[in-house]
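What follows is a single structure, written as structure tokens, with notes after it.
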Amino acid sequence: MPAADVVVIGAGLAGLSCAVELAERGASVFVAAKGMAATHWAHGGLDVAAPPGARSAAAGIALLARQPEHPYARLADDVAPAVAAHLDRLASAGLPHVGALADPLVSMPTAVGTHRPAAILPLAQAAARDEWGDIGLLHVGFERYRDAWPAYAARNALRRPFPGAPARIAAVEVSLPGLRDLHNLNALTLARSFDQPAWRARALRAIAAARPPGRWRLALPAVLGLVDHAAAFAEAAALLDGPPIELVSVPPSVPGLRLWEALRSRLLALGGRLQWGFPIVGVERDGDQITAVRTEGASRAFRLVGDAFVLATGGIAGGGLRAAPDGSIAERVFGLPVSAPPREAWFADDALAAQPIEAAGILTDEALHPVGGPRNVHVIGSALAGMRYLDERCGDGVALASAHRAARLLGRAGAAASVREEGVA
């Protein structure tokens, strides 16, 4: 029967990064995930830390680490090596990034005309880091593609210019070749079209022809190829007089899918296994230890028996925690204790402010064992308590740092190779 050292539950940035590092350290790993991860709707960049007042991600980490309840209070020293390893993995998969933790945070334009702080960006978004000077920002949309809103984005950006914004902001809609008869023109359809060299060349020529006179940096929907992204981006940079900026709008996120596929491929190449699309349906215990989990399969259930389990199922937004009308919040796999504000304090009066419910999660010790929970479980990612990742923009950094900490500790402890996959009725 197949054997593994560690069972990782969840296949988002935290879960896959932890599984890959464990495999890199020589462990055999089985990843079980119930469905799509946050990578499939995130912007594909790297939000490490950008709380109000921080001028760099490194400064943001230091600010957040001063909060005793924040994950960075325990994980700050893990961020730099975790981020470096992550960027190396992506670069080797053809997804290079630009920027560093010590670099100043810059204002990255968004698909709705607002801006977000960023320091480390995929190459296809990194032109936003450059100074604008006399270069204008041109929001580009595609005819019949309803998930990009160039005129709306340009209007919003002109009304509320971000720090260092270009003086000229405009919008244009382009008719791309051969798409008029498609009934469902979405991001994946376009990305797969840009994977085709002949069609890509025609599409890029149409975009270049629609550009108004003057110097412009083009903001395109984030659809420049799914599997042949490097070639698509290089051709776009050559034909559009400089690298464009990919802007992610509604899910699915093509940059997020590229990231997920890079980590998945790395895990499989190292001998790891991934079962995706089936939830955990049962847990077996022996005292304060988890001995096995059961997950559904296509034709039978699987029993995964192990010495070590890594919980990477996400928080409230990711579905790892579920809130009930009575004000209780439950962790959905192991039933771990959840730290959360009382029901009446879940939400702030200002809908656009940081929401207290964001900080709900699992309290852990330095080894990421859940306080009051099983001792052979490590909790990583946005399931951890104490952060407001939307306001602090720290979710990716916490995911990577906690994944690195868990993999390092499990490697040091030498998790026993005793996880077995067994079919059960």
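By the 4.0 Å N-to-carboxylate-O rule, Asp78 lies close enough to Arg408 to be salt-bridged with it. With respect to the salt-bridge test (charged N to carboxylate O, under 4.0 angstrom), the residues Arg215 and Asp241 do not qualify. A salt bridge is defined here as a Lys NZ or Arg NE, NH1 or NH2 lying under 4.0 Å from an Asp or Glu carboxylate O, and Asp288 with Arg375 fails to meet this definition.
Side-chain contact check for Glu392 versus Gln67: some heavy-atom pair is nearer than 4.5 Å. For the pair Leu188 and Leu257, the minimum side-chain heavy-atom distance is below 4.5 Å. Residues His229 and Val254 are not in side-chain contact: their nearest non-hydrogen atoms beyond the backbone lie 4.5 Å or more apart. Looking at heavy atoms from C-beta onward, Leu101 lies in side-chain contact with Ile120 at the 4.5 angstrom threshold. Under the 4.5 Å side-chain criterion, counting only non-hydrogen atoms from C-beta, Val305 is not in contact with Glu284. Contact of the Pro96 side chain with the Leu90 side chain is not registered, since no non-hydrogen atoms from C-beta on lie closer than 4.5 Å. Side-chain contact between Val140 and Pro150 is absent, with no heavy atoms from C-beta onward closer than 4.5 Å. Val310 is listed as a side-chain neighbour of Leu410, based on a closest heavy-atom distance under 4.5 Å.
Atom CZ of Arg55 has 12 or fewer heavy atoms from other residues, nucleotides or ligands within 6.0 Å. Asp134 CG: more than 12 foreign heavy atoms inside a 6.0 Å radius.
Among residues two or more places apart in sequence or in another chain, the salt bridge (Lys or Arg N to Asp or Glu O under 4.0 Å) test is passed with Arg129 by Asp103. Under the rule for a ring-ring contact (aromatic ring centres under 6.0 Å, His included), Trp132 has no partner lying at least two apart in sequence or in another chain. Scanning for salt bridge (Lys or Arg N to Asp or Glu O under 4.0 Å) contacts around Glu69 gives an empty result, with sequence neighbours left out. With sequence neighbours excluded, the residues that form a side-chain hydrogen bond (donor to acceptor under 3.5 Å, both in side chains) with Arg266 are Glu24. With sequence neighbours excluded, the residues satisfying ring-ring contact (aromatic ring centres under 6.0 Å, His included) with Phe194 are Trp199.
Across Ala73 and Pro68, no two heavy atoms sit closer than the pair CB-O, 3.7 Å. Of all the heavy atoms in Asp365 and Val371, the pair that sits closest is N-CG2, 4.1 Å. Contact record, Ala54 with Ala59: CB-C, 4.3 Å, taken as the closest heavy-atom pair. Nearest approach of Val398 to Pro71, heavy atoms of both residues: CG1-CB, 4.0 Å. In this structure, Thr295 and Phe278 approach most closely via the heavy-atom pair OG1-O, 3.4 Å. Summarising the geometry of Ala360 relative to Leu321, their closest heavy-atom pair is O-CD1, 3.9 Å, with the distance given to 0.1 Å.
Atoms CD1 and CZ, from Ile9 and Phe334 in turn, are 3.5 Å apart once rounded to the nearest 0.5 Å. Between the CG atom in Leu137 and the CD1 atom in Ile245 there is a gap of 6.0 Å [rounded to 0.5 Å]. The CG atom of Asp307 lies 12.5 Å from the CD1 atom of Ile290; values are rounded to the nearest 0.5 Å. Distance CG/Leu105 to OG/Ser56: 6.0 Å, rounded to 0.5 Å. Here the CG atom belonging to Leu121 is positioned 9.0 Å from the CG atom belonging to Leu46, to the nearest 0.5 angstrom. The line from SG of Cys394 to CG of Asp47 is 8.5 Å long, rounded to the nearest 0.5 Å.
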| message | Would Arg200 and Asp228 count as a salt bridge (Lys or Arg N to Asp or Glu O under 4.0 Å) here? Give the steps. | response | CA-CA 11 Å; Arg200 178 167 70 223; Asp228 199 19; 3.4 Å; yes
| task | List the steps, then state whether side chain to side chain contact (heavy atoms under 4.5 Å, CB included) holds for Val6 with Phe309. | result | CA-CA 6 Å; Val6 184; Phe309 297 83; over 6 Å; no
| request: Apply side chain to side chain contact (heavy atoms under 4.5 Å, CB included) to Ile61 and Leu63, showing your working. | output: CA-CA 5 Å; Ile61 294 166; Leu63 284 172; over 6 Å; no
| field | Verdict with reasoning, Leu311 to Val8, per side chain to side chain contact (heavy atoms under 4.5 Å, CB included) | value | CA-CA 6 Å; Leu311 183 73; Val8 177; over 6 Å; no
| Verdict with supporting geometry, Arg264 and Trp276, side chain to side chain contact (heavy atoms under 4.5 Å, CB included) | CA-CA 11 Å; Arg264 185 194 73 91; Trp276 185 66; over 6 Å; no
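Taking the ring axis of Trp260 as reference, the NZ or CZ atom of Arg258 does not stay both within 45° of it and closer than 6.0 Å to the ring centre.
For the residue pair Glu261 and Ser265, a side-chain donor N or O sits within less than 3.5 Å of a side-chain acceptor on the partner.
Screening residues 374-404 for ring pair (Phe, Tyr, Trp, His ring centres under 6.0 Å), with sequence neighbours left out, gives His369-His378.
Distance alone, capped at 3.5 Å, places no donor-acceptor pair between the Thr114 side chain and the Thr110 backbone. For Ser17 (side chain) and Ala14 (main-chain N/O), no donor-acceptor pair under 3.5 Å exists by modelled atom type. A donor-acceptor pair under 3.5 Å is absent between the side-chain atoms of Asp286 and the main chain of Gln289, judged by distance alone. A donor-acceptor pair under 3.5 Å is formed between the side chain of Arg332 and the backbone N or O of Gly319. When atom types are taken as modelled, the side chain of Arg405 and the backbone of Glu366 share a donor-acceptor pair closer than 3.5 angstrom. Between the Ser402 side chain and the Gly381 main chain, a donor and an acceptor come within less than 3.5 Å of each other. Distance alone, capped at 3.5 Å, places no donor-acceptor pair between the Asn376 side chain and the Ala308 backbone. The closest donor-acceptor contact from the side chain of Glu246 to the backbone of Val248 lies at 3.5 Å or more, if one exists at all. At least one donor-acceptor pair under 3.5 Å links the side chain of Asp195 to the backbone N or O of Leu226. Checking side-chain atoms of His97 against main-chain N and O of Leu95 turns up a donor-acceptor pair under 3.5 Å.
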